Amino acid sequence: MSAQLLEGKAIAASIKEALKKKIASFKEKPKLVSIQVGENTSSAVYIRAQKKTAEALGIEYGLKTLGADTKQDTLVTEIKSLNKDNSVSGIIVQLPLPKGIDHRLIIRSISPAKDAEGMHPENLGHVLLGDASVAPCTAQAAFELIESTRENLYGKEAVIVGHSEIVGKPLALLLLNSFVTTTVCHIATGERGVLPEHVKRAEILVVAVGKAGLIKGEWIKPGAIVIDVGINRVGERIVGDVEFEPAKDRASFITPVPGGVGPLTVTMLMRNVVTAFKLS
Ligand code: NAD
């Protein structure tokens, strides 16, 4: 058996189509403002992708570039002025931030109503309560991919490997809210040597670690849904955290890397902006 590929691009295309129609029906256009502090090649790639996607949907995209020597207080002042600006629907601060700037404090200074990434503690609290309007983009992307299988999730065994604030933890809450039996593994699970036994019982497996080939193909439960969030450069290639070829022979659905979670993440960002705009 060879798994069906969960291509993020195709799912993103249908969500974007719906967003585009919705935006076209608005009298005013939503606006996303991105703040970049200092130069960073990986955030430059994200900014280009965000701008392209936003503009294709009819969302205005503004970029504020601040010098690498920007002080935390200056950045907070900048964010507070965007919080008050009625023409701005969503704010995203590109990470990583230069040393000396506390990224948690920065995220907290964004108004929860304009929190495009869904990372403000107030919005994360709503994810926990199951009544969130915006949620962290990568966790939402993984969740959308799982839902796209149209499998009945109720009571299923999910194992998430990776407990970061942007992926593992919020995704665990999204799955729990759908009555999925959810286990979250992390570095200590690996160090204790029990990662394979957890992975082997996963009917839904999500891996967000950042270590190529961490999850062996033979650990995949036959018929599992496998969502590989990892992005690793190996020589010239980009690969995930799961050994793709052997896993593909056991899983029922699997995301390719690249082309799985990545293309959906930026779409989820745009969905958050549209939601913020509608609620404003
Ligand atoms: P992170 O570094 O914040 O967290 C890594 C997690 O992996 C931690 O929970 C850690 O405890 C766990 N871990 C580390 N070694 C382990 C081991 N041996 N066994 C079990 N768990 C282990 O990572 P992150 O920011 O969530 O990113 C994870 C990966 O996902 C990275 O490769 C990143 O590039 C990728 N990512 C992709 C997207 C996308 O849109 N496709 C978005 C965000 C992150």
Side-chain angles (χ1 to χ4, degrees), residues 5-12 15-16 40-50 52-53 92-97 103-104 107 116-119 124 127 135-146 148 158-175 182-202 205-216 219-220 226-234 237-244 254-272:
L5 286 186
L6 292 172
E7 312 255 19
K9 240 188 193 156
I11 300 160
I15 297 173
K16 281 193 282 191
N40 182 293
T41 39
S42 61
S43 56
V45 173
Y46 293 136
I47 288 168
R48 267 202 303 280
Q50 287 162 12
K52 196 173 148 205
T53 311
I92 174 171
V93 177
Q94 304 294 334
L95 299 179
L97 288 166
H103 81 276
R104 288 198 171 175
I107 287 168
E117 288 200 288
M119 287 301 298
L124 290 175
V127 174
C137 304
T138 313
Q140 279 195 75
F143 188 72
E144 284 288 335
L145 285 161
I146 295 167
S148 76
V159 173
I160 301 171
V161 187
H163 77 321
S164 70
E165 288 159 15
I166 60 167
V167 193
K169 285 184 191 172
L171 177 63
L173 296 171
L174 295 176
L175 289 171
T182 306
T183 302
V184 184
C185 301
H186 41 68
I187 184 74
T189 322
E191 285 175 358
R192 214 180 147 214
V194 291
L195 189 58
E197 75 189 55
H198 284 289
V199 171
K200 281 177 181 173
R201 46 177 187 77
L205 174 68
V206 183
V207 190
V209 172
K211 290 186 179 159
L214 173 73
I215 305 297
K216 306 296 168 214
W219 299 354
I220 304 297
V226 178
I227 311 292
D228 192 349
V229 184
I231 302 175
N232 308 289
R233 183 171 284 282
V234 176
R237 289 191 320 134
I238 299 287
V239 299
D241 293 340
V242 179
E243 285 184 339
F244 182 75
I254 190 166
T255 53
V257 178
V261 179
L264 254 184
T265 302
V266 66
T267 305
M268 296 298 109
L269 177 72
M270 300 307 152
R271 188 164 76 180
N272 281 347

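Just follow the structure's listing: the first ligand is 1, and inside any ligand the first atom is 1. Because the structure is predicted, anything quoted here is derived from the model rather than measured.
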* To do: First locate atom CG of L171, then atom CD1 of I146, and finally report the distance between them rounded to the nearest 0.5 Å.
  =>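 Answer rounded to 0.5 Å: 5.5 Å.
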* To do: Any chance you could measure I231, atom CD1, to I238, atom CD1, to the nearest 0.5 Å?
  =>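 Between atom CD1 of I231 and atom CD1 of I238 there are 7.5 Å.
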* **Residue list, side-chain contact (heavy atoms from CB on, under 4.5 Å) with V234, at least two apart or on another chain** =>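 Once residues adjacent in sequence are excluded, the partners of V234 under the side-chain contact (heavy atoms from CB on, under 4.5 Å) criterion are A212, V239.
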* Before accepting this row, confirm whether a basic side-chain N of the pair R192/E197 lies closer than 4.0 Å to the acidic partner's carboxylate O. =>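 Between E197 and R192 there is no salt bridge, as every charged N stays at least 4.0 Å from the carboxylate O atoms.
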* ligand 1: which residues have a non-hydrogen atom closer than 4.0 Å? ->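 Protein residues near ligand 1 are T138, V161, G162, H163, S164, I166, V167, H186, I187, G190, L195, A208, V209, G210, K211, L214, V229, G230, I231, V261, G262, T265.
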* Taking ring pair (Phe, Tyr, Trp, His ring centres under 6.0 Å) as the test, write out the residues that go with H103, two or more places apart. =>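 Result, ring pair (Phe, Tyr, Trp, His ring centres under 6.0 Å) vs H103: none returned.
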* Not counting sequence neighbours, which residues clear ring pair (Phe, Tyr, Trp, His ring centres under 6.0 Å) with H163? List them please. =>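 With neighbours one apart ignored, the set is H186.
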